[in-house]
Each structure stands twice: as C-alpha cells, then as structure tokens.
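So the structure is just underneath, and the comments pick up after that.
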Amino acid sequence: MNRTFAGHFQSIPRAPTLPSPQTPSTISWLKAGKQHSMAEQQSHSTNRLTRKKRKLTIENEPLTLTLTPNRTHTFRRKKKPDRLNYETLADSNNNRKWVFSPIDCSKYRDKFVFVSYNILGVENASNHKDLYFNVLPKFMKWEYRRRAIRREIARYSPSILCFQEVDRFDDLNRILQKDGFKGIYQARTGEARDGCAIFWKDALFSLLHEDNIEFKRFGLRDNVAQFCVLKMNAYQKHIDDTENLKVQPSRNILVGNIHVLFNPSRGDIKLGQVRLFLEKAHRLSQKWGNIPAILGGDLNSMPQSAMYQFMVSSELNIQHHERKKISGQICPFDHPRFPYQSNYSSRPSLNRWSKEELRLATGTEESVHLKHNLKLNSAYQGVPASRLTRDSHGEPLATSFHSRFMGTVDYIWHTKELVPVKVLETLPIEILKKTKGLPSKVWGSDHLALACELAFADESCGP
C-alpha cells in the first residue's frame with residue numbers, strides 16, 4: 001500500500017568509498033557502518049510501530065506533506081466506491097430544489113402545495129418486468145416503495161395529493177391518515193385493478209363534493225378520472241395583520257385527477273378522454289360559482305404533441321394530425337431530430353379519420369374540431385428554471401424513466417385564478433441516466449412527483 005505521511009524529503013547520501021584493508025581507517029569505517037546499521041534497524045522498527053498506530057487514527061484525517069520548508073500540501077484519503085456506484089451517485093444528488101416565481105408573491109396569504117404523482121401500480125410493475133430489469137428487486141417491492149413514497153411526500157409538505165396507478169388504496173389511506181390526510185378513490189373498470197386517488201390535508205380542507213368519469217360508458221376504454229370540490233378551512237392570517245381579519249369569500253377549489261390511456265396509436269381515444277375530462281371540469285367549476293380549478297395527472301402525452309397543444313390553446317383541428325401521433329410518445333433523447341416545437345404542416349387529406357374515430361375524439365362523426373372552455377396554464381411553464389431540467393416549452397425534460405422510455409407525460413394545470421409561487425424541479429437527465437432506471441433507492445416509482453405551491457390570485461401581487 002502506498003502511504004503518505006508528514007515529513008521532509010531528504011536525499012539519501014551515497015555510500016562512502018571502501019578504503020583499502022591496509023589503511024587504519026578500515027576498522028573505524030566498519031565500526032561506523034555497524035553502528036549506522038543498528039541505528040537504521042532501530043529507527044525502521046520504531047517507524048513501523050508508528051505507522052501501525054497511525055493507520056488506526058489517520059483514516060478520516062487530512063494528511064500533510066511538506067515538500068519544501070515554505071510550501072505545505074494537504075491531501076485527503078479517498079473512500080472506496082460503493083458497489084452501487086451509479087445508484088449512489090444519482091441518489092446522492094437527489095436534492096430536488098424548489099424554484100420560485102420571478103414575481104414578488106410575498107403579499108399572497110392563501111397558499112397550498114399540490115402534488116401529482118403516478119406511483120406505479122403493484123400489478124403493473126409485476127406484469128411488465130421487462131421495463132425494470134436494471135432495478136434491484138428490493139426496490140421493486142411495494143413495502144419498500146410505499147415507505148419511500150411516504151418519506152418523499154413528507155419532504156414536500158403537501159396540502160393536496162393526486163395519485164395515479166393506485167391499486168393499494170387501503171394501504172395508502174392507512175399510512176396517510178397518520179399524516180393527517182383524508183382521501184377518495186376511483187378504481188378503473190375492467191380487469192385492471194389500479195385507479196386514481198385524491199388526498200387532502202384534513203386540517204386545511206373540507207370535502208364539499210366528489211365526482212368521477214368512467215370512460216367505458218362512452219366507449220373510451222377502462223380509464224377513469226375523478227374530481228372533488230374542496231373548501232379551505234382557514235386562512236393563513238397574521239395576528240397583527242388587521243387587513244386579513246376582514247370577512248373574505250370562502251376559498252373553494254376544484255381538483256381534477258386523470259390517468260389517460262397509454263396506447264400511443266389510439267389518439268382518438270386519448271383525445272376523447274381528455275375532452276370529457278375538461279368538459280366536466282368546466283361544468284363543475286361553473287356549478288360551484290366559477291371556482292378556480294387545478295388538474296393533475298398522467299396524460300401519456302408529451303409537450304411537443306397535439307394533445308399538449310389542445311390543452312394550452314383550448315382548440316385543435318384533428319384533421320391536421322395523424323391519429324397515431326397525437327400524443328407524441330417517443331423518447332426524444334433517442335430521436336434527437338424529433339422537434340420540440342412541433343411543425344404541423346401536413347395537409348388534411350393525408351390524415352383521414354374514420355367516422356368512428358371522429359366520434360370517439362370529438363363526440364360527433366361530422367366534426368373535426370375540438371374545443372374546451374377552460375383557460376389553462378401549466379404550473380411548471382409559469383416558473384422558469386434551468387435548461388438542465390426544462391425543455392423549450394418550459395416543461396420538465398423527463399417525468400418518467402424506465403428501460404424503454406425517458407420523457408415527460410405528467411403535468412399540473414391550473415386556471416388563471418391561481419398563481420404558481422414555486423415548483424419542485426425534476427432531476428437533470430444525466431443524473432436520471434445514472435440510476436439506470438426507476439424506481440431506485442430513493443424514488444419509489446418510475447415517475448417523478450410533480451409539486452407546486454399555488455396562491456389565490458385575487459390579492460395584489462406586485463412585479
């Protein structure tokens with residue numbers, strides 16, 4: 001083992017020239033050499049003991065090496081790499097940071113933290129093991145993932161949670177009740193057992209109304225969506241703030257949660273599900289007094305897709321798009337030429353839709369136009385951040401990662417009555433890649449949770 005210790009480098013003197021045996025100095029030289037050898041052995045023995053003792057105490061201490069009388073250099077011993085080198089490196093950089101709005105929102109009083117999270121259904125994970133062959137088996141176990149998800153959520157101090165791919169609701173409900181949450185669940189129809197769940201902090205909100213959509217009733221597969229109207233129980237007032245002690249209107253919000261069909265080829269069904277979801281969200285918002293809405297979920301569609309365009313612009317001519325490309329579900333990091341700014345230049349005649357496909361997508365066999373009445377903003381788009389984690393739209397570069405896909409399919413949308421104060425950044429692509437795939441030691445799903453803090457926008461907020 002090479003060892004470095006405190007001390008000075010000294011040049012070793014050359015051995016003296018051996019004198020002639022006939023000279024008187026021979027005997028004295030031999031005596032001197034013998035004495036020098038004994039002293040050297042004694043010194044070597046002492047140094048060996050010293051080094052042995054030092055070995056016990058030097059592991060975590062800086063080592064100093066003096067090269068010259070006036071220059072001293074300090075070295076630190078490197079630790080041996082962990083066996084799970086990539087995993088450890090990625091998880092050691094897992095500090096997802098909050099990014100704050102560029103405007104001054106200090107005057108906002110009524111705020112809440114919203115989290116949307118596809119937590120990876122237990123049965124989905126077991127039925128698609130080919131997606132997780134790089135993940136250690138212990139990180140795939142529900143017992144481990146459940147604890148990891150609970151620890152992660154606690155770090156964000158959420159007020160409202162929207163989960164997708166929930167097939168262990170009783171488990172989640174039991175552990176989240178201990179953390180002060182109440183929740184509702186909507187299971188998928190058909191053979192699949194996962195569904196959607198909404199939880200809220202019982203001390204902050206009360207449930208006024210709940211609703212749901214079973215898309216099978218409209219011929220749109222077994223996916224579901226759910227809604228609830230929540231009332232904020234108390235305002236975040238300061239005792240010395242007399243302005244806030246005045247009577248204010250009640251704080252009601254509509255929360256929507258959806259998990260859209262995965263199948264990339266069925267853009268007609270995806271559009272139909274999102275169309276019904278947005279229509280019902282608008283009706284419920286109007287019914288309860290035009291209250292603000294926040295919508296979370298896994299849209300199984302990417303930011304450069306026609307689906308994203310529909311959400312943002314409130315309208316879409318589907319004849320300009322191919323049914324199989326509506327959601328844009330390819331991995332952009334494997335297709336570098338895939339545009340983030342979509343160019344919809346195809347002529348309608350090249351993208352024919354059958355009457356049945358039109359009916360599923362738009363609700364009628366004659367119309368090729370889609371429109372919704374909600375003016376939606378993306379929470380992440382509203383808070384700019386680093387190019388290491390964002391695309392040209394301002395959306396995260398990746399919210400999901402397994403052996404066959406890395407990209408963004410999860411979103412948080414809100415109406416103009418709500419303002420994003422801060423959002424939780426996702427992980428840089430290079431860090432994600434080093435995990436070799438999610439779930440991991442720290443992250444309990446193959447998706448990353450999206451989180452934002454929102455404020456009610458009817459209070460003044462200066463630039």
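Index from 1, following the sequence.
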Query - Under 3.5 Å side-chain donor-acceptor pair for Thr389 and Glu425 - result: yes
Query raised in the report: Hey, what do you get for CD1 (Ile153) to CG (Leu161), rounding to the nearest 0.5 Å?
Result: 5.0 Å
**Report entry** Worked verdict on Glu191 versus Glu123 for side chain to side chain contact (heavy atoms under 4.5 Å, CB included)
**Finding:** CA-CA 11 Å; Glu191 296 180 358; Glu123 290 193 2; over 6 Å; no
Query - Note, His259 side chain near Asn300 side chain (heavy atom, < 4.5 Å) - result: yes
Query raised in the report: Donor-acceptor pair, Trp353 side chain versus His321 backbone, under 3.5 Å?
Result: yes
Query raised in the report: Is there a donor-acceptor pair under 3.5 Å between the side chain of Gln226 and the backbone N or O of Ala197?
Result: yes
Requested in this report: Report the distance from atom CG of Leu358 to atom CG of Leu370, rounding to the nearest 0.5 Å.
Outcome: 9.5 Å
Query raised in the report: Just wondering, are more than 12 heavy atoms of other shown residues or ligands nearer than 6.0 Å to CZ in Arg387?
Result: no
Report task. Kindly compute the distance separating CG (Asn212) from CD1 (Ile184), expressed to the nearest 0.5 Å. Result -> 8.5 Å
Report task. Look only at the side chain of Asp222 and the backbone of Arg188, and say whether a donor-acceptor pair between them is shorter than 3.5 Å. Result -> no
Query raised in the report: Would Phe163 and Tyr185 count as a close aromatic pair, with their ring centres under 6.0 Å?
Result: no
Report task. Say whether, by atom type as modelled, one donor and one acceptor occur between the side chain of Ser314 and the main chain of Leu374 under 3.5 angstrom. Result -> yes
Query raised in the report: Regarding Ser378 and Glu395, is there a side-chain donor-to-acceptor distance under 3.5 Å anywhere?
Result: yes
Query raised in the report: Given Phe112 and Leu204, is the side chain to side chain contact (heavy atoms under 4.5 Å, CB included) satisfied, shown in steps?
Result: CA-CA 9 Å; Phe112 60 93; Leu204 298 178; 5.9 Å; no
Query raised in the report: Can you name the nearest heavy-atom pair linking Glu357 to Asp268, along with the distance?
Result: CG-OD2, 3.5 Å
Requested in this report: Just do the side chain to side chain contact (heavy atoms under 4.5 Å, CB included) check on Thr362 and His369 with the steps written out, would you?
Outcome: CA-CA 7 Å; Thr362 68; His369 293 275; over 6 Å; no
Query - Rounded distance [0.5 Å steps], CG in Leu397 versus OG1 in Thr426 - result: 7.0 Å
Report task. Take Phe215 and Phe277 through the test ring pair (Phe, Tyr, Trp, His ring centres under 6.0 Å) and record every step on the way to the result. Result -> CA-CA 9 Å; Phe215 293 114; Phe277 179 62; 7.8 Å; no
**Report entry** Salt-bridge present (Asp170, Arg168; N to O < 4.0 Å)
**Finding:** no
**Report entry** Any Pro439 side-chain heavy atom under 4.5 Å of Leu120 side chain
**Finding:** yes
Query raised in the report: Is there a side-chain contact between Val166 and Asp194 (heavy atoms, below 4.5 Å)?
Result: no
Query raised in the report: Does a side chain donor of either Gln164 or Asp298 reach within less than 3.5 Å of an acceptor in the other side chain?
Result: no
Requested in this report: Heavy atoms only: give me the nearest Cys196-Val224 pair and the separation to one decimal.
Outcome: SG-O, 3.9 Å
Query raised in the report: Does a salt bridge link Glu356 with Arg359, judged by any charged N lying under 4.0 Å from a carboxylate O?
Result: yes
Query raised in the report: Is a donor on one side and an acceptor on the other found under 3.5 Å between the side chain of Ser159 and the backbone of Val113?
Result: yes
Report task. Evaluate the side-chain proximity of Lys441 to Tyr144: yes if any heavy-atom separation is below 4.5 Å, no if none is. Result -> yes
Report task. First locate atom CZ of Arg251, then atom NZ of Lys111, and finally report the distance between them rounded to the nearest 0.5 Å. Result -> 12.5 Å
Query raised in the report: Is the backbone N or O of Ala293 less than 3.5 Å from a side-chain atom of Thr415, with the two atoms forming a donor-acceptor pair by type?
Result: yes
Report task. Examine Tyr411 together with Tyr380 and report whether their ring centres are nearer than 6.0 Å. Result -> no
Query - Side chain proximity check, Ile269 to Asn263, heavy atoms < 4.5 angstrom - result: no
Query raised in the report: So, do Arg150 and Lys178 sit near enough that their side-chain heavy atoms are less than 4.5 Å apart?
Result: yes
Query raised in the report: Sub-3.5 Å donor-acceptor pair from the side chain of Thr408 to the main-chain atoms of Ala398, do we have one?
Result: yes
Query raised in the report: Say you draw a straight line from NE2 of His282 to CG of Leu376; how long is it, rounded to the nearest 0.5 Å?
Result: 10.5 Å
Query raised in the report: Nearest heavy-atom pair of Pro420 and Ser101: which atoms, and what distance?
Result: O-CB, 3.6 Å
Report task. Using modelled atom types only, decide if a donor and an acceptor are shared between the side chain of Asn252 and the backbone of Trp288 within a distance under 3.5 Å. Result -> no
Query raised in the report: Where do Asp391 and Pro396 come nearest, in terms of heavy atoms and distance?
Result: OD2-O, 4.3 Å
Query raised in the report: Does the side chain of Tyr308 come under 3.5 Å of the side chain of Gln304 through a donor N or O and an acceptor N or O?
Result: no
Query raised in the report: Heavy atoms, side chains only, cut-off 4.5 Å: are Ile326 and Leu271 in contact?
Result: yes
Requested in this report: In sequence, state the C-alpha distance, the side-chain angles, and the governing distance for Leu207 and Cys228, and then conclude on side chain to side chain contact (heavy atoms under 4.5 Å, CB included).
Outcome: CA-CA 7 Å; Leu207 177 65; Cys228 64; 3.5 Å; yes
**Report entry** His393 versus Pro303, closest heavy-atom pair with distance
**Finding:** NE2-O, 3.4 Å
Report task. Look at the side chain of Lys270 and the backbone N and O of Leu261, then say whether any donor-acceptor pair between them is shorter than 3.5 Å. Result -> yes
Query raised in the report: Once the angle between the rings of Phe310 and His372 is folded into 0 to 90°, is it parallel (under 30°), tilted (30 to 60°) or perpendicular (over 60°)?
Result: perpendicular
Report summary line: With Cys162 as partner, the option from Phe114, Phe199, Tyr117 fulfilling side chain to side chain contact (heavy atoms under 4.5 Å, CB included) is Phe114
Requested in this report: Give a yes or no answer on whether the side chain of Lys231 reaches the backbone of Ile253 with a donor-acceptor pair at less than 3.5 Å.
Outcome: no
Report task. State, yes or no, whether a side-chain contact exists between Phe100 and Cys105 at a heavy-atom distance under 4.5 Å. Result -> no
Query raised in the report: If every non-hydrogen atom of Leu432 is compared with every non-hydrogen atom of Met406, which pair is closest and at what distance?
Result: CB-CE, 4.0 Å
